[in-house]
Asks: 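Would you mind keeping the following structure in view while I ask a few things?
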Amino acid sequence: MAREMLSQGNGIWEWTPQHHHNNAVKTRFVDALFQNDWDTMATMIHPDFELREPDRLAYGGIYKGLDGFKKCWDLIPQVGHKTTHLTTLRNHFTEDPGSIVVELETRGVHNETGNEFESKVMEQFEFKDGKISAIVLYWYNIP
């Protein structure tokens, strides 16, 4: 049962086997992404997968499937920005194992203006049938 909170005071939830599984899938997916291993990534996404980027970004919109993800990944440095720094600050887990929120810190250079920017970005990973069904990004400072 996913509602076994260890303490109301510190908000730590007891992880279920599904929490552990989904976290492992997320970690392997991100590792494969930064190794440019699209074949491995394909094994971890649900057939209904969507990547959702804020509309205010030059590459904003909804991208479907692994091909859509790759299209967005290629567009970011072409029409959006060049990332100079990206680090994971925290992973947030709740009683719902079907959702993991990753808190990132990023810096980069905006292509159009040449201006440097920094922002916190939240990535919400959604899971269905043990695979990633959606990644939704929330930017605090849109470059």
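Just so it is clear, the structure is predicted and the values come from calculations on it, not from any experiment.
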Asks: Parallel, tilted or perpendicular: which describes the rings of F34 and W73, with under 30° parallel and over 60° perpendicular?
Replies: perpendicular

Asks: For D74 and Q78, which I'm curious about, is there any donor-acceptor pair between the side chains at under 3.5 Å?
Replies: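 Side chains of D74 and Q78: no pair found under 3.5 Å.
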
Asks: Is V101 reachable from L33 through a run of I, L, V, M, F, W or Y residues, each pair having side-chain heavy atoms under 4.5 Å apart?
Replies: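 L33 does not cluster with V101.
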
Asks: With a 4.5 Å limit on heavy-atom distance, are the side chains of V102 and H92 in contact?
Replies: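 With C-beta onward as the side chain, the pair stays apart.
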
Asks: Return the minimal non-hydrogen interatomic distance between A42 and L66, and the atom names on each side.
Replies: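 Of all heavy-atom pairs spanning A42 and L66, the closest is CB-CD2, 3.6 Å.
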
Asks: Just how far is it from atom CH2 of W139 to atom CG of L57, taken to the nearest 0.5 Å?
Replies: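 With rounding to 0.5 Å, CH2 (W139) is 6.0 Å from CG (L57).
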
Asks: Between E53 and I76, which heavy-atom pair has the shortest distance, and what is it?
Replies: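 Shortest heavy-atom contact: OE2-CD1, 4.4 Å.
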
Asks: Is it true that E105 and K120 make a salt bridge, defined as a side-chain N closer than 4.0 Å to a carboxylate O?
Replies: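 Answer for the salt bridge query: no.
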
Asks: Can we say R107 and E116 salt-bridge, meaning some charged N sits less than 4.0 Å from an Asp/Glu carboxylate O?
Replies: no

Asks: Using a distance-only test with no angle check, is there a side-chain donor-acceptor pair under 3.5 angstrom linking S99 and E126?
Replies: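 There is such a pair between these side chains.
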
Asks: Taking all non-hydrogen atoms of both residues into account, name the closest pair between A58 and G80 and its distance.
Replies: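 Nearest heavy atoms, A58 then G80: CB-CA, 4.3 Å.
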
Asks: Looking only at the side chains, is there a donor atom on one of Y138 and Q124 sitting less than 3.5 Å from an acceptor on the other?
Replies: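 The criterion, which ignores hydrogens and geometry beyond distance, is satisfied for Q124 and Y138.
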
Asks: Keeping H46 on the side-chain end and D48 on the backbone end, is there a donor-acceptor pair under 3.5 Å?
Replies: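 Yes; at least one donor-acceptor contact below 3.5 Å.
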
Asks: Measuring from I45:CD1 to K64:NZ, what's the distance to the nearest 0.5 Å?
Replies: 12.5 Å

Asks: Report the relative orientation of the aromatic rings in F69 and F49; use parallel for angles under 30°, tilted for 30 to 60°, perpendicular for over 60°.
Replies: tilted

Asks: Sort and list the pairs that fulfil side chain to side chain donor-acceptor pair (under 3.5 Å) and have at least one residue in residues 28-39, not counting sequence neighbours.
Replies: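 Of all non-adjacent pairs touching residues 28-39, those that pass side chain to side chain donor-acceptor pair (under 3.5 Å) are N36-W38, D37-T40.
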
Asks: To the nearest 0.5 angstrom, please state how far the CG atom of L104 sits from the CE atom of M122.
Replies: 8.5 Å

